[in-house]
Amino acid sequence: MSTLADLLAEHTQLSDAAAAHLQRLVAEWQLLADLSFADLLMSVRTENGDMVTVAQCRPNTASTVFPSDEVGSVADRAMNSQLDRAFFADRVLRDEDPEWFGSVAIRREAVPVGFPGADGAIAVLTRAVDLTHPRLPSPLELAYQDSANDLCQMVADGTFPHQEGNPRGLSTPRAGDGFVRVDEHGMVVYASPNALSAFHRMGWSAELTHTRLSEVTSALLTDRFESEDVATMIDAAAGVTAPPVTPYRDVGMRMEADASRATVLIRAVPLHPRAVDTGAVVLIRDVTEVKRRDLALISKDATIREIHHRVKNNLQSVSALLRLQARRTSNPEARGALTEAVRRVASIALVHELLSGSVDEEVDLDEVVDRLVPILVDVASRDARVQVRHRDRLGVLSAELAMPLVMVLTELIQNAIEHGFDDGAADSEIEIVAHRDVRTLRIAIRDNGFGLPAHFDMSTSDRLGLQIVQTMVSIELGGTLAMGANPAGRGAEVSVTIPLR
């Protein structure tokens with residue numbers, strides 16, 4: 001499926017700014033579809049005069065009249081004529097008579113999409129309404145349609161949608177969540193039942209109609225700054241006051257606010273067709289339960305990170321005790337075994353330390369390797385210093401993969417340091433080479449030492465480190481392990497390949 005950007009690049013030569021305006025319109029036009037009870041199609045004019053549909057939106061408030069996907073289709077001759085007239089006439093055109101598609105009667109309205117600075121329209125928006133079962137509209141439907149007509153005229157004027165931004169990443173309330181129409185004086189003209197319920201949960205017990213919405217809302221909010229910002233937002237959207245310059249706070253056209261009994265998400269949409277302020281649409285959604293679940297997840301996440309932190313502290317204590325015991329042990333073999341245990345415990349503690357600061361239970365392997373290598377070199381028992389180079393990016397892995405993989409890398413790097421070189425070698429180097437795609441991760445540990453012993457068989461080796469590696473790779477990671485000569489020159493290579501999907 002081609003994206004809107006792909007279709008615009010294929011069929012038009014619009015500027016970046018004009019294409020970005022169409023992208024913003026598509027991001028916000030669900031509100032227009034819901035208020036219109038209509039399907040929306042966006043069409044652009046090609047160089048040969050065809051009108052091609054590049055985007056489509058179905059309403060949440062009515063049944064769709066286009067069950068099939070219209071994106072990419074070319075308008076027929078009759079429809080092309082209406083779209084062409086709207087494109088060049090630069091005004092909204094409505095069918096006088098409905099068009100029948102089988103048993104469905106559709107009335108189309110062509111709305112040119114204006115853009116400041118453009119020479120004429122840059123696209124045409126089609127509203128398609130089902131007229132098969134006409135009936136007397138309810139007050140809610142009348143308020144919806146009146147607001148939709150204003151928004152359509154603003155689309156033609158090039159003033160909808162606004163470049164309001166959303167730095168807080170707030171979601172957008174839908175018309176069905178709660179709809180309030182205010183006039184140019186900020187007075188409530190109509191409030192939907194869902195909007196009334198939301199205000200009642202906030203603590204308002206009277207009717208909203210004929211009240212000033214900014215005053216009602218600010219009186220219900222518990223935070224003084226939030227109440228001032230919400231009142232400013234609503235009055236500015238309605239045209240009562242000019243949007244103020246607030247250098248210390250970001251006041252946009254959507255906010256999340258707390259009342260004594262509920263948390264609500266409020267968005268104000270200014271209505272000023274033909275540059276005349278006619279009020280605003282205020283959408284409100286009760287997000288109290290969502291916030292409660294978010295707080296529960298935050299608390300759970302903090303608990304998990306605290307557990308990782310405590311496990312890390314406990315492992316570091318164990319590591320310190322083992323290191324102390326190794327220093328007090330006179331038996332060289334026991335001292336070596338305790339030193340290896342210190343290294344293994346330290347590598348696990350390092351992963352838990354990174355998990356304690358992660359919010360998504362993922363580990364950056366590159367950070368682990370960069371912090372692990374100095375520890376492994378320091379605890380090495382051999383005299384010669386080894387240079388360990390980390391060349392390629394390993395990426396981020398989930399905790400269940402990262403934990404055993406770090407253990408594997410620890411064993412392989414330490415094994416290369418301990419057994420891959422002659423004592424006193426001056427050019428001892430170990431290289432960590434990685435290749436990662438969407439399916440697999442392959443990590444190779446290469447050294448320039450004297451290579452593997454003759455007739456070496458990994459499956460019959462009695463070294464504990466290699467047995468740990470084989471178990472981790474095959475059982476914990478579901479991957480494969482291979483050992484052989486270094487393809488880049490002298491020395492050995494051990495490669496680990498694990499599936500990521």
Side-chain angles (χ1 to χ4, degrees), residues 25 28-41 56-67 92-101 103-111 125-156 160-161 172-200 207-211 213 234 237-238 264-274 276-286:
L25 178 56
E28 299 289 352
W29 69 349
Q30 186 64 59
L31 173 63
L32 180 56
D34 292 345
L35 295 178
S36 302
F37 304 96
D39 287 68
L40 301 181
L41 302 176
Q56 178 177 0
C57 181
R58 296 182 174 91
N60 294 315
T61 52
S63 299
T64 181
V65 297
F66 296 121
V92 179
L93 297 179
R94 177 181 295 178
D95 282 343
E96 295 182 1
D97 299 316
E99 184 178 358
W100 286 88
F101 287 86
S103 60
V104 180
I106 299 176
R107 187 187 68 204
R108 297 178 188 260
E109 186 175 277
V111 181
L125 201 67
T126 301
R127 282 202 296 178
V129 183
D130 186 355
L131 297 181
T132 307
H133 306 289
R135 57 185 177 83
L136 188 66
S138 66
L140 181 143
E141 291 172 327
L142 290 174
Y144 273 22
Q145 291 170 354
D146 183 53
S147 301
N149 291 335
D150 285 348
L151 288 177
C152 279
Q153 184 58 53
M154 291 170 62
V155 170
F160 179 80
T172 300
R174 297 176 299 180
D177 294 325
F179 169 90
V180 181
R181 174 68 188 264
V182 299
D183 63 16
E184 64 273 18
H185 305 295
M187 305 298 289
V188 176
V189 177
Y190 176 82
S192 71
N194 284 346
L196 287 173
S197 297
F199 275 94
H200 289 166
E207 284 292 326
L208 276 178
T209 309
H210 306 308
T211 63
L213 187 63
I234 294 174
V264 293
L265 182 61
I266 303 174
R267 184 190 180 193
V269 181
L271 300 177
H272 44 80
R274 297 188 176 92
V276 177
D277 288 326
T278 61
V281 167
V282 178
L283 306 175
I284 182 169
R285 179 196 299 165
D286 182 1

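- The two residues Ala148 and Leu32 come nearest to each other via the heavy atoms O-CD1, 3.7 Å.
- The two residues Pro270 and Ala280 come nearest to each other via the heavy atoms CA-CB, 4.2 Å.
- When every heavy atom of Val282 is checked against every heavy atom of Ile266, the shortest pair comes out as CG1-CG2, 3.8 Å.
- For the salt bridge (Lys or Arg N to Asp or Glu O under 4.0 Å) test, residues two or more places apart in sequence or in another chain that qualify with Asp177 are Arg174, Arg285.
- Between the side chains of Gln30 and Asp34, at least one donor N or O sits under 3.5 Å from an acceptor N or O.
- Contact check for Leu151 versus Ser36: no side-chain heavy atoms found under the 4.5 Å cut-off.
- With rounding to the nearest 0.5 Å, the separation of CG in Leu140 from CZ in Arg181 is 13.0 Å.
- Of all heavy-atom pairs between Cys57 and Ala33, the closest is SG-CB, 3.8 Å.
- Side-chain atoms of Asp39 and Pro59, non-hydrogen and from C-beta on, do get closer than 4.5 Å to each other.
- The backbone N or O of Pro273 sits nowhere less than 3.5 Å from a side-chain atom of Asp150 that would complete a donor-acceptor pair.
- No side-chain donor-acceptor contact under 3.5 Å links Asp146 to the backbone of Leu142.
- Of all the heavy atoms in Leu136 and Glu141, the pair that sits closest is O-OE1, 4.4 Å.
- Atom-to-atom distance recorded for Met154:CE and His272:NE2 is 4.0 Å, nearest 0.5 angstrom.
- Shown here are the side chain to side chain contact (heavy atoms under 4.5 Å, CB included) partners of Asp130, two or more places apart in sequence or in another chain: Val65, Val104, Thr132.
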Run the side-chain contact (heavy atoms from CB on, under 4.5 Å) test on Trp29 and Leu125 for me, step by step, so that the C-alpha distance in whole Å, both residues' side-chain angles and the decisive distance to 0.1 Å come before the verdict.
CA-CA 10 Å; Trp29 69 349; Leu125 201 67; 3.3 Å; yes

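- Smallest separation of non-hydrogen atoms from Leu35 and Ala175: CD2-CB, 3.9 Å.
- Of the possible donor and acceptor atoms, none in the side chain of Tyr144 sits under 3.5 Å from a partner among the backbone N and O of Thr61.
- Between Phe66 and Leu41 there is a side-chain heavy-atom pair separated by less than 4.5 Å.
- If you take NE2 on His185 and CG on Asp277, they are separated by 10.5 Å, rounding to the nearest 0.5 Å.
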Applying side-chain contact (heavy atoms from CB on, under 4.5 Å) to Val92 and Arg127, what does each step give before you reach the verdict?
CA-CA 10 Å; Val92 179; Arg127 282 202 296 178; over 6 Å; no

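- Side-chain atoms of Arg94 never come within 3.5 Å of backbone atoms of Arg107 as a donor-acceptor pair (strictly under, hydrogens ignored).
- Atom SG in Cys152 sits 7.5 Å away from atom CG in Leu40 (nearest 0.5 Å).
- Leu283 CG to Phe179 CZ: the interatomic distance, rounded to the nearest 0.5 Å, is 7.5 Å.
- Remark: Thr211 OG1 to Phe199 CZ distance equals 8.0 Å, nearest 0.5 Å.
- Although no hydrogens or angles enter the test, the distance criterion places a donor-acceptor pair under 3.5 Å between the side chain of Thr278 and the main chain of Leu271.
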